[in-house]
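The block underneath contains the structure these notes are about, expressed in structure tokens.
Quick note: numbers below take in every heavy atom, side chains included, and nothing from hydrogens, waters or symmetry partners.
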Amino acid sequence: KHLEGVVTEFIFMNPHSWIYMEVEDESGETQIWALESASIGALTRNGVTADTLVPGDRISVRCHQLKDGAAGCLLGFLTPPGGVESEWD
């Protein structure tokens, strides 16, 4: 699944980090999506820090949506504002 939206919260923690982002659907309604990411160690090896994302950042992600279709997914790749796509799982 490909999503674009605005970060509302970034929780840099073990065993998995979390990004919450506001995404506008086809009807113009907004939903908060929960994106589960890798551990602090794995993210740090990819150059991610606790300050990489802040609320208000517009990001683009590619992820595996939850099987039941809910607004959540396992994060695969993230493109930060003005940045280059990197792996987040």
Any side-chain heavy-atom pair from [X] and [Y] closer than 4.5 angstrom?
X: Leu75; Y: Asp89; answer: no
X: Val48; Y: Leu78; answer: no
X: Thr52; Y: Phe12; answer: no

Practice item. Sequence neighbours left out, what pairs pass salt bridge (charged side-chain N to carboxylate O under 4.0 Å, His left out) with at least one residue falling in residues 65-81? Key: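 Not a single pair qualifies under salt bridge (charged side-chain N to carboxylate O under 4.0 Å, His left out).
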Practice item. May I ask whether Leu53 and Val23 are part of the same hydrophobic cluster, defined by side-chain heavy atoms of I, L, V, M, F, W, Y residues being less than 4.5 angstrom apart, directly or through others? Key: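 Yes.
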Exercise for review: Could you tell me whether a side-chain N or O of Glu22 sits under 3.5 Å from a main-chain N or O of Val7, the two making a donor and an acceptor?
Suggested key: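 No; zero donor-acceptor contacts below 3.5 Å.
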Practice item. Can you sort out the partners of Asp51 under side-chain contact (heavy atoms from CB on, under 4.5 Å), two or more places apart, ordered by chain and number? Key: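 Applying side-chain contact (heavy atoms from CB on, under 4.5 Å) to Asp51 gives Thr49.
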Exercise for review: Not counting sequence neighbours, which residues clear side-chain contact (heavy atoms from CB on, under 4.5 Å) with Pro81? List them please.
Suggested key: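 With sequence neighbours excluded, Pro81 shows a side-chain contact (heavy atoms from CB on, under 4.5 Å) to Asp57, Ile59, given in chain and number order.
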Practice item. Find the distance between CG (Asp25) and CG (Leu3) and round it off to the nearest 0.5 Å. Key: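 Here the interatomic distance stands at 11.0 Å.
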Review point. Where is the tightest heavy-atom contact between Glu87 and Asn46, given as atom of each residue plus distance?
Key: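 Minimum heavy-atom contact is O-ND2, 3.1 Å.
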Check your understanding: Closest approach of Glu4 and Met21, non-hydrogen atoms and distance?
Key ->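 Answer, listing the atom of Glu4 first, then Met21: C-CE, 3.6 Å.
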Please table the atom pairs, donor to acceptor, closer than 3.5 Å between any side-chain atom in residues 28-42 and protein atoms at least two apart or in another chain.
| unit_1 | atom_1 | unit_2 | atom_2 | d |
| --- | --- | --- | --- | --- |
| Glu36 | OE2 | His16 | ND1 | 2.8 |
| Ser37 | OG | Trp88 | O | 2.6 |
| Ser39 | OG | Ala42 | N | 3.3 |

Check your understanding: Other than Leu74, what residues sit in its cluster of Ile, Leu, Val, Met, Phe, Trp and Tyr side chains whose heavy atoms are under 4.5 Å apart, directly or through others?
Key ->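 Besides Leu74, the cluster holds no residue at all.
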Point to revise | disulfide bond (SG atoms under 2.5 Å apart) contacts touching residues 48-89 (sequence neighbours left out) | key: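 Of all non-adjacent pairs touching residues 48-89, those that pass disulfide bond (SG atoms under 2.5 Å apart) are Cys63-Cys73.
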